[in-house]
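See structure below.
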Amino acid sequence: MFCAARRRASWHAAAPIVQSWRMRFATWNVNSVKARLPRLLGWLESAQPDVVCLQETKVAADAFPAEQVEALGYRVAAHGQGRWNGVALLSRVGLTQVRRGFPGEPGFPGPEARAIGATCGGVRFLSVYVPNGRTPDDPHYAYKLSWLAALRTALADDVPRGALVVAGDFNVAPTDDDVWDPAVFAGATHVTPPERDALTALRDLGLRDVVGRPLKGDRPFTYWDYRAGMFHQNKGMRIDLVLATPDVADAVDDAVVDREARKGSGPSDHAPIVVDASGLGTPSAGS
DNA sequence: ATGGCGTTCTCCGAACGA
C-alpha cells in the first residue's frame, strides 16, 4: 500500500512526506463498465486507488472485463445481472469475504444486482447502487425506500464493529444544497423527505458522510446530466456518497470529487469520489 | 427537465437513468 502514495493525480500533488500507512479508495458510477473500459483503465493508472467501488456496471458477473483490470494489479469481484444495475469491487490490497447482496435485500420483484461487499486491506467495503425511484408515485419509489430501510437493518450489526465503508450511488441528494436548483427538483425523486430520512437513518447507525472536496465551484456535485451542457454549467447533484464508520472518517486526510473524469469524450455522467486515509487496516492485508 | 444525452437490447424504437 505504500505505493499508493507514490503516484498520485495532479490534484493531489502535495503529498505529505510522513510515511504512514495510507489507503486510497474511491467510488464511481461508471454507467456501463464495457462502454467505459478505456476510461476506467486510464483513470486507475492515473488516480492509483487501492480500492474502488463501482456501480452501474451493466454486465453479468461473468462478462465483467476482469482481465484488463487485473492486469493493473487489481482483484475483481463483480455482481451483475446483464443490462441493468450491476456493482463491483476492485482491490489491490486484498479482496476477501466477498458477499453479493445483503440479508433481507428486497427485489423488484426479483433480486437485482445492487450491492457487493468485501474486505480489502482490513476495511470492509460495500458498493451500493440504490434504486432510482423514478417518480414519487411510482412503485419503484416504494422499492427505493424499502431497499434503503433493509440496508439499514442489514448494517445495524456491522457499523458498531467499525472499519466499514458504504459507498456508491445513493440516488438521494442529502440537502437542498446538494442540487443545483432545488426549485427544479420540487416534488421530484432524490430530494423528498422520506428519501432524506432514510439516509439520515443510515447515518444514525454511526456512519459519517465523507464529503468530497469540489475541484471547481463551491459544491461537491458528483452527477451532471449529459444533456444541455449541464456539466459545463456545473448544474449537478451530489447523489454519490461515501459513508464511513468514525474510525475510518477520522483517518481521512482528503476527499475529492474527481471532476476531471467527467470531462472529455465518452465520460460517465458521474464523477468518482476519491478518499485518502492513513493509519487504516493492516499492512499484511496487502496481498 | 416539455427536450436536450448515453447505454442497452428486443436493435433503427423503447426502456431506463436522475
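The sequence lines fix the lettering, A, B, ..., with proteins before strands; numbering per chain opens at 1. Heavy atoms only: backbone and side chains are in, while hydrogens, waters and symmetry mates are out. All figures in this text were calculated on a predicted structure; none of them were measured in a lab.
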Same-atom distance ([atom1]) from [N] to [M], integer angstrom:
| N | M | atom1 | value |
| --- | --- | --- | --- |
| B:dG13 | B:dG4 | P | 15 Å |
| B:dT8 | B:dG3 | P | 23 Å |
| B:dT7 | B:dA18 | C1' | 15 Å |
| B:dG6 | B:dC11 | P | 23 Å |

Interatomic distance where [atom1] belongs to [X] and [atom2] belongs to [N] [whole Å]:
| X | N | atom1 | atom2 | result |
| --- | --- | --- | --- | --- |
| A:Asp269 | B:dA18 | CG | C1' | 9 Å |
| A:Phe231 | B:dA18 | CZ | P | 17 Å |
| A:Glu56 | B:dA15 | CD | P | 18 Å |
| A:Arg262 | B:dA18 | CZ | C1' | 13 Å |
| A:Tyr226 | B:dG3 | OH | P | 19 Å |
| A:Lys58 | B:dT7 | NZ | C1' | 5 Å |
| A:Met237 | B:dA1 | CE | P | 14 Å |
| A:Trp224 | B:dA1 | CH2 | C1' | 18 Å |

Go through the N and O atoms of the side chain of [X] and the base of [N], and report whether any donor-acceptor pair is under 3.5 Å.
| X | N | value |
| --- | --- | --- |
| A:Arg227 | B:dA1 | yes |
| A:Asp225 | B:dA18 | no |
| A:Asp169 | B:dA18 | no |

Task: Polar side chain donor-acceptor pair, A:Trp43 to A:Asp258, under 3.5 angstrom - done: yes
Open item on the list: Side chains of A:Ser32 and A:Glu56: any donor to acceptor distance under 3.5 Å?
Closed with: no
Side chain of [X] only, heavy atoms from C-beta on: which candidate in [options] is closest?
| X | options | answer |
| --- | --- | --- |
| A:Lys34 | B:dT7, B:dT8, B:dG17 | B:dT8 |
| A:Ala35 | B:dA1, B:dT8, B:dC16 | B:dT8 |
| A:Arg36 | B:dA1, B:dT7, B:dC16 | B:dT7 |

Open item on the list: Using the rule that Ile, Leu, Val, Met, Phe, Trp and Tyr join whenever any side-chain heavy atoms are under 4.5 Å apart, tell me whether A:Trp28 and A:Leu126 fall into a single cluster.
Closed with: no
Any [X] side-chain N or O less than 4.0 Å from OP1/OP2 of [N]:
| X | N | result |
| --- | --- | --- |
| A:Ser32 | B:dT8 | yes |
| A:Asn31 | B:dG6 | no |
| A:His270 | B:dG17 | no |
| A:Tyr129 | B:dA18 | yes |

Open item on the list: What's A:Asn85 touching, base or sugar-phosphate or nothing? Going by heavy atoms closer than 4.0 Å.
Closed with: nothing
TODO: Could you check whether A:Asn171 gets within reach of a base, just the sugar-phosphate, or nothing at all, counting any heavy atom under 4.0 Å?
DONE: sugar-phosphate
TODO: Identify, between A:Thr189 and A:Val184, the residue whose nearest nucleotide on DNA chain B lies closer to the 5' end.
DONE: A:Val184
Open item on the list: Nearest heavy atom decides the nucleotide; on that basis, is A:His190 or A:Val33 closer to the 5' end of DNA chain B?
Closed with: A:Val33
- [ ] Could you tell me whether the side chain of A:Val172 reaches within less than 4.5 Å of the side chain of A:Arg196, counting heavy atoms only?
- [x] yes
Task: Axial cation check for A:Phe221 ring with A:Arg238, 6.0 Å and 45° limits - done: no
TODO: Hey, can you tell me if A:Trp224 and A:Phe231 have their rings parallel, tilted or perpendicular (30° and 60° cut-offs)?
DONE: perpendicular
